[in-house]
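This report concerns only the one structure given below.
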2 protein chains.
Amino acid sequence: MSHAELQLNNQICFRLYAATRLITQAYTPMLNALGITYPQYLVLMVLWEQDGQTVNDIAHRLLLETNTVTPLLQRMEKQGIVTRTRGEKDKRQQIVSLTDQGKKLEDIAYELIPAGMGDRLSACPLELADYKHLAGELDAIISTLKH
Amino acid sequence: MSHAELQLNNQICFRLYAATRLITQAYTPMLNALGITYPQYLVLMVLWEQDGQTVNDIAHRLLLETNTVTPLLQRMEKQGIVTRTRGEKDKRQQIVSLTDQGKKLEDIAYELIPAGMGDRLSACPLELADYKHLAGELDAIISTLKH
DNA sequence: CGTTTTTATATCGTTTACGATGCAAAGATA
DNA sequence: TATCTTTGCATCGTAAACGATATAAAAACG
(Lines give C-alpha, C1' and ligand atoms only; values in the text may rest on other atoms or scores of the structure.)
Protein backbone atom coordinates (compact mmCIF):
# COMPACT_ATOMS: atom_id res chain seq x y z
CA MET A 1 0.00 0.00 0.00
CA SER A 2 2.00 2.93 -1.29
CA HIS A 3 2.20 6.40 0.14
CA ALA A 4 0.19 5.71 3.23
CA GLU A 5 0.49 9.32 4.32
CA LEU A 6 -1.62 10.31 1.37
CA GLN A 7 -4.42 7.91 2.06
CA LEU A 8 -7.78 9.44 2.51
CA ASN A 9 -8.56 7.56 5.67
CA ASN A 10 -5.55 8.98 7.42
CA GLN A 11 -6.42 12.53 6.64
CA ILE A 12 -7.67 14.91 9.24
CA CYS A 13 -8.40 17.39 6.53
CA PHE A 14 -10.90 15.21 4.74
CA ARG A 15 -12.65 14.44 8.01
CA LEU A 16 -12.92 18.13 8.77
CA TYR A 17 -14.21 18.81 5.28
CA ALA A 18 -16.79 16.03 5.48
CA ALA A 19 -17.92 16.78 9.03
CA THR A 20 -18.30 20.46 8.23
CA ARG A 21 -20.48 19.80 5.24
CA LEU A 22 -22.60 17.26 7.10
CA ILE A 23 -23.15 19.55 10.07
CA THR A 24 -23.99 22.43 7.77
CA GLN A 25 -26.46 20.17 6.02
CA ALA A 26 -27.97 19.29 9.40
CA TYR A 27 -28.54 22.98 10.06
CA THR A 28 -30.17 23.53 6.68
CA PRO A 29 -33.78 22.52 7.46
CA MET A 30 -33.87 24.87 10.46
CA LEU A 31 -32.17 27.65 8.54
CA ASN A 32 -34.62 27.21 5.68
CA ALA A 33 -37.39 27.90 8.17
CA LEU A 34 -35.59 31.18 8.93
CA GLY A 35 -35.04 31.89 5.23
CA ILE A 36 -31.25 32.10 5.59
CA THR A 37 -28.12 30.13 4.75
CA TYR A 38 -25.44 28.95 7.13
CA PRO A 39 -22.94 31.73 6.38
CA GLN A 40 -25.78 34.23 6.77
CA TYR A 41 -26.55 32.65 10.13
CA LEU A 42 -22.93 33.17 11.14
CA VAL A 43 -23.20 36.85 10.22
CA LEU A 44 -26.38 37.11 12.25
CA MET A 45 -24.72 35.51 15.28
CA VAL A 46 -21.98 38.11 15.05
CA LEU A 47 -24.55 40.90 14.87
CA TRP A 48 -26.80 39.46 17.59
CA GLU A 49 -23.78 39.58 19.85
CA GLN A 50 -23.04 43.20 18.89
CA ASP A 51 -25.12 45.16 16.45
CA GLY A 52 -23.77 47.84 14.15
CA GLN A 53 -20.41 46.35 13.18
CA THR A 54 -18.43 47.10 10.05
CA VAL A 55 -17.80 44.70 7.18
CA ASN A 56 -14.26 44.31 8.44
CA ASP A 57 -15.38 43.50 11.97
CA ILE A 58 -17.65 40.79 10.68
CA ALA A 59 -15.06 39.38 8.31
CA HIS A 60 -12.39 39.23 11.03
CA ARG A 61 -14.76 37.52 13.44
CA LEU A 62 -15.62 34.87 10.87
CA LEU A 63 -12.07 34.58 9.50
CA LEU A 64 -13.38 35.46 6.06
CA GLU A 65 -12.24 37.97 3.46
CA THR A 66 -14.34 41.05 2.87
CA ASN A 67 -14.85 39.97 -0.72
CA THR A 68 -16.81 37.04 0.65
CA VAL A 69 -18.69 39.05 3.23
CA THR A 70 -19.69 41.98 1.04
CA PRO A 71 -21.88 40.03 -1.39
CA LEU A 72 -23.28 38.04 1.52
CA LEU A 73 -24.35 41.26 3.21
CA GLN A 74 -25.73 42.63 -0.04
CA ARG A 75 -28.00 39.59 -0.30
CA MET A 76 -29.00 39.92 3.34
CA GLU A 77 -29.79 43.60 2.80
CA LYS A 78 -31.95 42.73 -0.21
CA GLN A 79 -33.81 40.22 2.00
CA GLY A 80 -34.44 42.91 4.62
CA ILE A 81 -32.40 41.25 7.38
CA VAL A 82 -29.74 43.95 7.73
CA THR A 83 -29.10 47.50 6.61
CA ARG A 84 -25.79 48.90 5.45
CA THR A 85 -25.01 52.57 6.07
CA ARG A 86 -21.80 54.46 5.43
CA GLY A 87 -19.87 55.37 8.56
CA GLU A 88 -20.13 59.02 9.54
CA LYS A 89 -16.60 59.45 10.81
CA ASP A 90 -15.11 57.18 8.16
CA LYS A 91 -17.07 57.16 4.95
CA ARG A 92 -15.25 54.08 3.67
CA GLN A 93 -16.87 51.92 6.31
CA GLN A 94 -20.20 50.20 5.97
CA ILE A 95 -22.00 49.90 9.27
CA VAL A 96 -24.11 46.76 9.23
CA SER A 97 -27.19 46.83 11.44
CA LEU A 98 -29.98 44.39 12.11
CA THR A 99 -33.46 45.27 10.95
CA ASP A 100 -36.42 44.35 13.12
CA GLN A 101 -36.75 41.23 11.05
CA GLY A 102 -33.11 40.41 11.65
CA LYS A 103 -33.58 40.86 15.38
CA LYS A 104 -36.67 38.67 15.44
CA LEU A 105 -34.76 35.83 13.83
CA GLU A 106 -32.72 35.44 17.02
CA ASP A 107 -35.73 34.26 18.98
CA ILE A 108 -36.85 31.92 16.23
CA ALA A 109 -33.33 30.54 15.93
CA TYR A 110 -33.26 29.97 19.65
CA GLU A 111 -36.51 28.04 19.40
CA LEU A 112 -35.45 25.86 16.51
CA ILE A 113 -31.74 25.36 16.35
CA PRO A 114 -30.53 23.99 19.68
CA ALA A 115 -33.45 21.56 19.80
CA GLY A 116 -33.11 20.62 16.13
CA MET A 117 -29.40 20.00 16.36
CA GLY A 118 -29.85 18.09 19.58
CA ASP A 119 -32.26 15.79 17.79
CA ARG A 120 -29.99 15.41 14.84
CA LEU A 121 -26.98 14.55 17.00
CA SER A 122 -28.81 12.51 19.63
CA ALA A 123 -27.46 9.28 18.16
CA CYS A 124 -23.91 10.62 18.29
CA PRO A 125 -21.89 8.78 20.94
CA LEU A 126 -19.89 11.86 21.90
CA GLU A 127 -20.22 13.18 25.46
CA LEU A 128 -19.99 16.77 26.57
CA ALA A 129 -16.35 16.17 27.48
CA ASP A 130 -15.67 14.94 23.94
CA TYR A 131 -17.17 18.07 22.45
CA LYS A 132 -14.98 20.15 24.72
CA HIS A 133 -11.93 18.21 23.60
CA LEU A 134 -12.99 18.67 20.03
CA ALA A 135 -13.45 22.40 20.53
CA GLY A 136 -10.00 22.65 22.07
CA GLU A 137 -8.33 20.75 19.28
CA LEU A 138 -10.07 22.80 16.64
CA ASP A 139 -9.09 25.99 18.43
CA ALA A 140 -5.47 24.84 18.41
CA ILE A 141 -5.60 24.29 14.66
CA ILE A 142 -7.38 27.56 14.09
CA SER A 143 -4.98 29.66 16.10
CA THR A 144 -2.00 27.96 14.49
CA LEU A 145 -3.22 28.60 10.99
CA LYS A 146 -5.04 31.88 11.19
CA HIS A 147 -2.89 34.69 9.93
CA MET B 1 -25.94 37.57 27.94
CA SER B 2 -29.00 36.24 26.18
CA HIS B 3 -29.29 32.99 24.32
CA ALA B 4 -25.92 31.65 25.23
CA GLU B 5 -26.50 28.52 23.22
CA LEU B 6 -26.44 30.59 20.08
CA GLN B 7 -23.18 32.30 20.79
CA LEU B 8 -20.54 31.83 18.21
CA ASN B 9 -17.86 30.92 20.69
CA ASN B 10 -19.84 27.97 21.92
CA GLN B 11 -20.35 26.53 18.52
CA ILE B 12 -18.59 23.44 17.31
CA CYS B 13 -19.95 24.08 13.87
CA PHE B 14 -18.22 27.40 13.42
CA ARG B 15 -14.95 25.92 14.63
CA LEU B 16 -15.27 23.12 12.10
CA TYR B 17 -16.11 25.59 9.38
CA ALA B 18 -13.15 27.84 10.23
CA ALA B 19 -10.65 25.01 10.74
CA THR B 20 -11.65 23.41 7.45
CA ARG B 21 -11.15 26.59 5.49
CA LEU B 22 -7.84 27.33 7.18
CA ILE B 23 -6.47 23.84 6.57
CA THR B 24 -7.64 23.95 2.97
CA GLN B 25 -5.88 27.29 2.62
CA ALA B 26 -2.74 25.71 4.07
CA TYR B 27 -2.87 23.04 1.36
CA THR B 28 -3.31 25.59 -1.38
CA PRO B 29 0.34 26.54 -2.07
CA MET B 30 1.29 22.88 -2.47
CA LEU B 31 -1.75 22.13 -4.57
CA ASN B 32 -1.02 25.14 -6.77
CA ALA B 33 2.35 23.54 -7.50
CA LEU B 34 0.40 20.48 -8.69
CA GLY B 35 -2.06 22.62 -10.63
CA ILE B 36 -5.07 21.28 -8.76
CA THR B 37 -7.61 22.36 -6.15
CA TYR B 38 -8.38 20.68 -2.86
CA PRO B 39 -11.53 18.86 -4.02
CA GLN B 40 -9.61 17.71 -7.10
CA TYR B 41 -6.90 16.42 -4.75
CA LEU B 42 -9.56 14.45 -2.88
CA VAL B 43 -10.71 12.89 -6.14
CA LEU B 44 -7.12 11.99 -6.97
CA MET B 45 -6.63 10.36 -3.58
CA VAL B 46 -9.68 8.22 -4.24
CA LEU B 47 -8.32 7.23 -7.65
CA TRP B 48 -4.76 6.67 -6.45
CA GLU B 49 -6.20 4.18 -3.99
CA GLN B 50 -8.19 2.44 -6.71
CA ASP B 51 -8.16 3.53 -10.34
CA GLY B 52 -11.10 3.21 -12.68
CA GLN B 53 -13.99 4.05 -10.38
CA THR B 54 -17.38 5.40 -11.40
CA VAL B 55 -18.71 8.87 -10.66
CA ASN B 56 -20.95 7.29 -8.04
CA ASP B 57 -18.06 5.49 -6.36
CA ILE B 58 -16.12 8.71 -6.08
CA ALA B 59 -19.09 10.71 -4.86
CA HIS B 60 -19.92 8.13 -2.19
CA ARG B 61 -16.34 8.01 -0.97
CA LEU B 62 -16.21 11.80 -0.64
CA LEU B 63 -19.76 12.12 0.70
CA LEU B 64 -20.59 14.43 -2.19
CA GLU B 65 -23.46 14.47 -4.66
CA THR B 66 -22.78 13.50 -8.23
CA ASN B 67 -23.86 16.93 -9.37
CA THR B 68 -20.82 18.27 -7.54
CA VAL B 69 -18.47 15.57 -8.76
CA THR B 70 -19.46 15.58 -12.42
CA PRO B 71 -18.34 19.15 -13.21
CA LEU B 72 -15.24 18.61 -11.09
CA LEU B 73 -14.32 15.59 -13.21
CA GLN B 74 -15.11 17.47 -16.41
CA ARG B 75 -12.59 20.12 -15.41
CA MET B 76 -10.04 17.46 -14.46
CA GLU B 77 -10.57 15.74 -17.80
CA LYS B 78 -10.04 19.04 -19.62
CA GLN B 79 -6.76 19.44 -17.70
CA GLY B 80 -5.64 15.97 -18.76
CA ILE B 81 -5.56 14.48 -15.26
CA VAL B 82 -8.29 11.88 -15.76
CA THR B 83 -10.28 10.30 -18.58
CA ARG B 84 -13.97 9.45 -18.50
CA THR B 85 -15.25 6.51 -20.51
CA ARG B 86 -18.73 5.01 -20.62
CA GLY B 87 -19.09 1.66 -18.88
CA GLU B 88 -19.32 -1.31 -21.24
CA LYS B 89 -21.75 -3.37 -19.20
CA ASP B 90 -23.69 -0.35 -18.01
CA LYS B 91 -23.63 2.53 -20.45
CA ARG B 92 -24.97 4.97 -17.89
CA GLN B 93 -21.78 4.75 -15.88
CA GLN B 94 -18.73 6.90 -16.43
CA ILE B 95 -15.50 5.10 -15.60
CA VAL B 96 -12.96 7.60 -14.34
CA SER B 97 -9.33 6.68 -14.89
CA LEU B 98 -6.05 8.40 -14.17
CA THR B 99 -3.94 9.56 -17.08
CA ASP B 100 -0.15 9.25 -16.86
CA GLN B 101 -0.12 12.83 -15.68
CA GLY B 102 -2.67 12.01 -12.99
CA LYS B 103 -0.55 9.09 -11.84
CA LYS B 104 2.62 11.18 -11.73
CA LEU B 105 0.95 13.70 -9.45
CA GLU B 106 0.91 11.09 -6.70
CA ASP B 107 4.70 11.13 -6.39
CA ILE B 108 4.86 14.89 -6.50
CA ALA B 109 2.11 15.12 -3.89
CA TYR B 110 4.04 12.71 -1.70
CA GLU B 111 7.10 14.92 -1.99
CA LEU B 112 5.35 18.15 -1.22
CA ILE B 113 2.32 17.68 0.92
CA PRO B 114 3.29 15.77 4.06
CA ALA B 115 6.38 17.94 4.45
CA GLY B 116 4.54 21.14 3.64
CA MET B 117 1.71 20.46 6.03
CA GLY B 118 4.18 19.38 8.70
CA ASP B 119 5.87 22.75 8.37
CA ARG B 120 2.62 24.61 8.42
CA LEU B 121 1.39 22.82 11.54
CA SER B 122 4.73 22.59 13.33
CA ALA B 123 3.69 25.35 15.72
CA CYS B 124 0.47 23.54 16.54
CA PRO B 125 0.57 22.24 20.12
CA LEU B 126 -1.39 19.09 19.29
CA GLU B 127 0.31 15.72 19.79
CA LEU B 128 -0.25 12.60 17.75
CA ALA B 129 -2.67 11.39 20.42
CA ASP B 130 -4.67 14.59 20.03
CA TYR B 131 -4.94 14.12 16.30
CA LYS B 132 -6.17 10.59 16.88
CA HIS B 133 -8.77 11.86 19.31
CA LEU B 134 -9.78 14.49 16.80
CA ALA B 135 -10.09 11.89 14.05
CA GLY B 136 -12.25 9.72 16.28
CA GLU B 137 -14.53 12.57 17.24
CA LEU B 138 -14.91 13.67 13.64
CA ASP B 139 -15.65 10.10 12.60
CA ALA B 140 -18.38 9.92 15.24
CA ILE B 141 -20.00 13.07 13.88
CA ILE B 142 -19.61 11.90 10.30
CA SER B 143 -21.15 8.50 10.86
CA THR B 144 -23.99 10.00 12.85
CA LEU B 145 -24.88 12.49 10.18
CA LYS B 146 -24.09 10.74 6.96
CA HIS B 147 -27.22 9.45 5.37
C1' DC C 1 -0.42 71.52 1.81
C1' DG C 2 0.35 68.21 -1.93
C1' DT C 3 1.76 63.52 -2.67
C1' DT C 4 2.16 58.82 -1.39
C1' DT C 5 0.59 54.94 1.08
C1' DT C 6 -2.64 52.47 3.49
C1' DT C 7 -7.27 51.09 4.51
C1' DA C 8 -12.22 49.69 3.74
C1' DT C 9 -15.00 48.01 0.62
C1' DA C 10 -16.50 46.55 -4.00
C1' DT C 11 -16.22 44.03 -8.43
C1' DC C 12 -14.88 40.21 -11.34
C1' DG C 13 -13.75 35.49 -12.62
C1' DT C 14 -13.34 30.62 -11.33
C1' DT C 15 -14.41 26.63 -8.58
C1' DT C 16 -17.10 24.37 -5.25
C1' DA C 17 -21.58 22.70 -3.08
C1' DC C 18 -26.16 21.55 -3.59
C1' DG C 19 -31.32 21.63 -4.59
C1' DA C 20 -34.18 20.87 -8.59
C1' DT C 21 -34.84 18.94 -12.79
C1' DG C 22 -33.86 16.33 -17.14
C1' DC C 23 -32.69 12.10 -19.67
C1' DA C 24 -31.26 7.81 -21.18
C1' DA C 25 -30.10 3.13 -19.78
C1' DA C 26 -31.09 -0.67 -16.79
C1' DG C 27 -34.08 -3.23 -13.97
C1' DA C 28 -38.68 -4.61 -12.27
C1' DT C 29 -43.25 -5.77 -13.04
C1' DA C 30 -47.61 -6.88 -15.13
C1' DT D 1 -42.79 -8.17 -24.20
C1' DA D 2 -44.61 -3.53 -23.04
C1' DT D 3 -44.70 -0.40 -19.39
C1' DC D 4 -43.18 1.48 -15.06
C1' DT D 5 -39.65 2.54 -11.86
C1' DT D 6 -35.16 3.15 -10.54
C1' DT D 7 -30.51 4.33 -11.34
C1' DG D 8 -26.43 7.02 -13.05
C1' DC D 9 -25.16 10.97 -14.66
C1' DA D 10 -25.76 15.72 -16.55
C1' DT D 11 -27.55 20.45 -16.56
C1' DC D 12 -29.14 24.66 -14.43
C1' DG D 13 -29.54 28.18 -10.94
C1' DT D 14 -27.94 30.19 -6.62
C1' DA D 15 -24.79 31.04 -2.90
C1' DA D 16 -20.47 30.75 -1.00
C1' DA D 17 -15.13 31.22 -0.99
C1' DC D 18 -11.27 33.40 -2.64
C1' DG D 19 -7.47 35.37 -5.70
C1' DA D 20 -6.87 39.51 -8.33
C1' DT D 21 -7.94 43.99 -9.16
C1' DA D 22 -10.32 48.54 -8.66
C1' DT D 23 -11.74 52.75 -6.13
C1' DA D 24 -12.51 56.19 -2.94
C1' DA D 25 -11.53 57.86 1.60
C1' DA D 26 -8.32 58.34 5.29
C1' DA D 27 -3.74 58.54 7.10
C1' DA D 28 1.14 59.35 6.75
C1' DC D 29 4.75 61.87 5.05
C1' DG D 30 7.85 65.20 3.03
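In what follows, every heavy atom counts, from backbone to side chain, and hydrogens, waters and symmetry copies are set aside. To find a chain, count down the sequence lines: A is the first, B the second, and so on, and within it residues start at 1. No experiment lies behind these values; they were computed from the predicted model shown.
Side chains of B:Arg84 and B:Met76 form no contact here, defined as non-hydrogen atoms less than 4.5 Å apart. Taking the side chain as every heavy atom from C-beta outward, A:Leu138 and A:Leu16 approach each other to under 4.5 Å.
For the pair B:Arg75 and C:dT16, the criterion of a side-chain N or O lying under 4.0 Å from OP1 or OP2 is met. Checking the phosphate oxygens (OP1, OP2) of D:dA17, no side-chain nitrogen or oxygen of B:Arg21 falls inside 4.0 Å. The phosphate of D:dA17 has OP1 or OP2 within less than 4.0 Å of a side-chain N or O from B:Tyr17. For the OP1/OP2 pair of D:dA17 and a distance below 4.0 Å, the side-chain nitrogens and oxygens of B:Thr24 include no atom meeting the criterion. Here A:Gln93 does not reach the OP1 or OP2 of D:dA25: none of its side-chain N or O atoms lies under 4.0 Å away. For the pair B:Gln40 and C:dT16, the criterion of a side-chain N or O lying under 4.0 Å from OP1 or OP2 is met.
One finds the CG atom of B:Asp130 at 9.5 Å from the CD1 atom of A:Ile141 (value rounded to the nearest 0.5 Å). A distance of 11.0 Å separates OG1 of B:Thr20 from CD of B:Gln25, quoted to the nearest 0.5 Å. Here CG of A:Leu42 is found 8.0 Å from CG of A:Leu64. Values are rounded to the nearest 0.5 Å.
Atom-to-atom, NE2 of A:His60 to P of C:dT7 comes out at 11 Å; the value is rounded to the nearest Å. Note: OH (A:Tyr38) to P (C:dG19) measures 17 Å, nearest angstrom. Separating the CG atom of B:Leu42 from the P atom of C:dA17 is a distance of 8 Å, rounded to the nearest angstrom. At whole-Å resolution of the value, CG in A:Leu73 and C1' in D:dA16 are 13 Å apart. A:Tyr27 places its OH atom 19 Å from the C1' atom of C:dC18, with the value rounded to the nearest Å. Between the C1' atom of C:dC23 and the NZ atom of B:Lys91 lies a distance of 16 Å, rounded to the nearest Å. Taking atom CG on A:Leu64 and atom C1' on C:dA10, their separation rounds to 16 Å, with Å as the unit. If you take CG of A:Asp57 and C1' of C:dT9, they are 13 Å apart, rounded to a whole angstrom.
Between B:Gln53 and the options B:Val96, B:Ile95, B:Val46, a side chain to side chain contact (heavy atoms under 4.5 Å, CB included) holds for only B:Val46.
Distance from the side chain of B:Arg92 is smallest to C:dA25 among C:dT6, C:dA25, D:dA16. Side-chain atoms of B:Gln94 lie closest to D:dA10 of the nucleotides D:dA10, C:dT9, D:dA15. Comparing D:dA10, C:dA8, D:dA16 by their nearest atom to the side chain of B:Val55 picks out D:dA10. Nearest to the side-chain atoms of B:Gln74 among the listed nucleotides D:dA17, C:dC18, D:dA10 stands D:dA10. Of the candidate nucleotides D:dA10, C:dA10, D:dA16, C:dA10 has the atom nearest to the side chain of A:Thr70. If you check C:dT16, D:dA20, D:dC9 against the side chain of A:Asn67, the one that comes closest is D:dA20. Considering only side-chain atoms of B:Glu65, the nucleotide from D:dA15, C:dC18, C:dT7 that sits closest is C:dC18.
Residue A:Thr54 is classed as a sugar-phosphate contact, given heavy-atom separations below 4.0 Å to backbone atoms only. Residue contacts for A:Thr68: at a heavy-atom cut-off of 4.0 Å it reaches a base atom on one of the strands shown.
In this structure, B:Arg15 is not positioned above the aromatic face of B:Tyr17 in the sense of NZ or CZ being under 6.0 Å from the six-membered ring centre and within 45° of the axis.
Note on ring orientation: taking the six-membered ring where Trp is involved, the planes of B:Tyr27 and B:Tyr41 are tilted (angle from 30° to 60°).
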Show every donor-acceptor pair shorter than 3.5 Å between a side-chain atom in residues 117-124 of chain B and any protein atom, with sequence neighbours excluded, or say none if there are none.
{"residue": "B:Ser122", "atom": "OG", "partner": "B:Asp119", "partner atom": "O", "Å": "2.8"}

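Taking every heavy atom of residues 77-90 of chain A and every atom of DNA chain D, pairs under 4.0 Å involve A:Lys89, A:Asp90, by number.
The nearest heavy atom of DNA chain D to B:Thr28 and to A:Leu72 marks one nucleotide each, and the one closer to the 5' end goes with A:Leu72.
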